[in-house]
Enquirer: 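A single structure is presented below for examination.
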Amino acid sequence: MLRRMILVVGGAGFVGSHICKSLRAQNIEHLVFDNLEKGHSQAIVGSQLAVGDIRDPATLERVFADNDIDTVMHFAAYIEVGESVTDPAKYYRNNFQGVLNLMDAMRNHRVEQFVFSSTAAVYGEPKYVPIDELHPKDPTSPYGETKWNVERMIQSFGRAYGLRSVALRYFNAAGASPDGSIGEDHDPETHLIARALLAAMGKVPPLTIFGTDYDTPDGTCLRDYVHVLDLAQAHILAIKHLRSGGESRQFNLGYGNGFSVRQVINAVEKVTGMEVPKSEGPRREGDPARLIASSTKIREELGWNPEFNDLETIVSHAWKWRQAFPNGYGL
Ligand code: UDP
């Protein structure tokens, strides 16, 4: 029998839940595996959920034994760079050891297609921008190290065991579903757009601009904000690539535009019509001045054609969700 189920590991989180919505819209069979530590079951209504943790090999084993899985997508990672510096063991145990457990279970059940969420953090301090996939990999945090080490492990598994994979290196994931039904709800919320919206609503303290003395036009850092639905489209293309027998690939996901922290705050103020209370503070450790993607490779090889390449659109979708869920999914 043809196996056709996708296991979406960490599917109840921000990026994973938007991919599940796209999978549902396209009637692509899938099962979410999530420990709900950071994820929200309300974000995946309509998708089947198995609650479990990738740090527990026995549970993984059962999920693969009980379901006809042919492809795995992985989103279940801790993502706070600062926390990874102070508690690297937590990051290596989940973001690295957890993925090894997952890939062991895949091997045991001859599942050979893997889509992995990687990050621009694998590159470290950019030597040039826009950053292409060949840029040297020199992560500056344990978070980035765990992602790069997994990418290398995936490549070794490919050579030794025939695993075929697509690693997608996200730049700054942002936005929300345009219908306002699902969005970004992290605790704590550290990401700029989501946090600026909360600051405008008075739900978190005033925003601190981390560093105003960077060598950039307005002195604040430039980032390549990419709409979560364009990330979702890339994941669906990656699945199609692997299911049609495609070889292993690594791709950047960003638009190639850099927006400064001040430009983002201005966009939030324009979209919400509210002021973002803010102050200027020192640089945050490990923040490069510019992180801007070259995404030529995924456009050419997979036909990625982003639809939401516009900062105000990204902010307005995030705002629509935040207005519908002012306290997040917890209510
Ligand atoms: N940033 C900021 N204040 C905040 C949060 C973020 O100035 O409260 C800046 C941060 O220094 C970086 C940019 O906003 O230059 C994007 O940060 P975020 O944490 O959203 O994503 P990252 O680039 O770390 O993945």
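Atoms within each ligand, like the ligands themselves, are counted from 1 in listed order.
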Enquirer: Given Val204, Val81, Thr190, identify the one with the heavy atom nearest to atom 5 (C) of ligand 1.
Expert: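 Looking at heavy atoms only, the winner is Thr190.
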Enquirer: Starting from atom 19 (O) of ligand 1, what is the nearest protein heavy atom, named by residue and atom, and what distance separates them?
Expert: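 Minimum-distance protein heavy atom for atom 19 (O) of ligand 1 reads Arg284 NH2, 3.2 Å.
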Enquirer: If we count only N and O atoms by modelled type, under 3.5 Å, do the side chains of Tyr78 and Glu37 hold a donor and an acceptor together?
Expert: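 A donor-acceptor contact under 3.5 Å links the two side chains.
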Enquirer: Under the 3.5 angstrom rule, does the side chain of Asn94 hit a backbone N or O of Ala76 as a donor-acceptor pair?
Expert: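 Here the side-chain-to-backbone pair exists.
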Enquirer: For atom 20 (O) of ligand 1, find the nearest protein heavy atom and state the residue, atom name and distance (0.1 Å precision).
Expert: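 Minimum-distance protein heavy atom for atom 20 (O) of ligand 1 reads Leu192 N, 2.8 Å.
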Enquirer: Could you pull out the closest heavy-atom pair between Pro178 and Leu229, with the gap in Å?
Expert: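 That would be CD-CD1, 3.4 Å.
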Enquirer: Please list, in number order, the atoms of ligand 1 under 4.0 Å from a heavy atom of Thr208.
Expert: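 Heavy-atom distances to Thr208 below 4.0 Å select 2 (C), 3 (N), 4 (C), 7 (O), 8 (O).
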Enquirer: If we ignore hydrogens and angles and just use 3.5 Å, is the side chain of Lys270 paired with the main-chain N or O of Ile265 as donor and acceptor?
Expert: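 A pair under 3.5 Å: no.
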Enquirer: In ligand 1, which numbered atoms sit nearer than 4.0 Å to a non-hydrogen atom of Cys221?
Expert: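 The atoms of ligand 1 under 4.0 Å from a heavy atom of Cys221 are 15 (O).
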Enquirer: Between Tyr214 and Asp218, does any side-chain donor sit less than 3.5 Å from a side-chain acceptor?
Expert: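 Short answer, no.
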Enquirer: Just to confirm my output: which protein heavy-atom neighbour is closest to atom 11 (O) of ligand 1, and how far is it?
Expert: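 Residue, atom and distance for the closest contact: Asp287 OD2, 2.5 Å.
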Enquirer: How far is atom 21 (O) of ligand 1 from its nearest protein heavy atom, and which residue and atom is that?
Expert: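 Looking at atom 21 (O) of ligand 1, the protein heavy atom closest to it is Asn172 ND2, 3.0 Å.
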Enquirer: Looking at Arg110, I want to see if its CZ is surrounded by more than 12 non-hydrogen atoms of other residues, nucleotides or ligands under 6.0 Å.
Expert: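 Counting neighbours around CZ of Arg110, 12 or fewer heavy atoms of other residues, nucleotides or ligands fall under 6.0 Å, so no.
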Enquirer: Centre-to-centre under 6.0 Å for His235 and Phe75, is that the case here?
Expert: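 Yes: the rings meet the under 6.0 Å criterion.
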Enquirer: Just going by heavy-atom distances, which of Tyr143, Phe210, Phe171 is nearest to atom 6 (C) of ligand 1?
Expert: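 Going through Tyr143, Phe210, Phe171 one by one, Phe210 has the nearest heavy atom to atom 6 (C) of ligand 1.
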Enquirer: Will you find, in the side chains of Ser47 and His30, an N or O donor that is under 3.5 Å from an N or O acceptor?
Expert: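 There is such a pair (donor and acceptor under 3.5 Å, judged by atom type) between the side chains of Ser47 and His30.
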Enquirer: Is the contact between Arg195 and ligand 1 made by the side chain, the backbone, both, or neither, using heavy atoms and a 4.0 Å cut-off?
Expert: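 For Arg195, the contact with ligand 1 is made by the side chain alone.
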Enquirer: I need the atoms of ligand 1 closer than 4.0 Å to a non-hydrogen atom of Tyr225, numbered in the order shown.
Expert: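 Listed by number with element, the hits are 13 (C), 16 (C).
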Enquirer: Distance to 0.1 Å, residue and atom name: give those for the protein heavy atom nearest to atom 9 (C) of ligand 1.
Expert: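 Protein heavy atom with the smallest distance to atom 9 (C) of ligand 1: Val261 CG2, 3.7 Å.
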Enquirer: Run down the list Ile209, Leu207, Ile265 and name the one with the heavy atom closest to atom 8 (O) of ligand 1.
Expert: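 Looking at heavy atoms only, Leu207 sits closest to atom 8 (O) of ligand 1.
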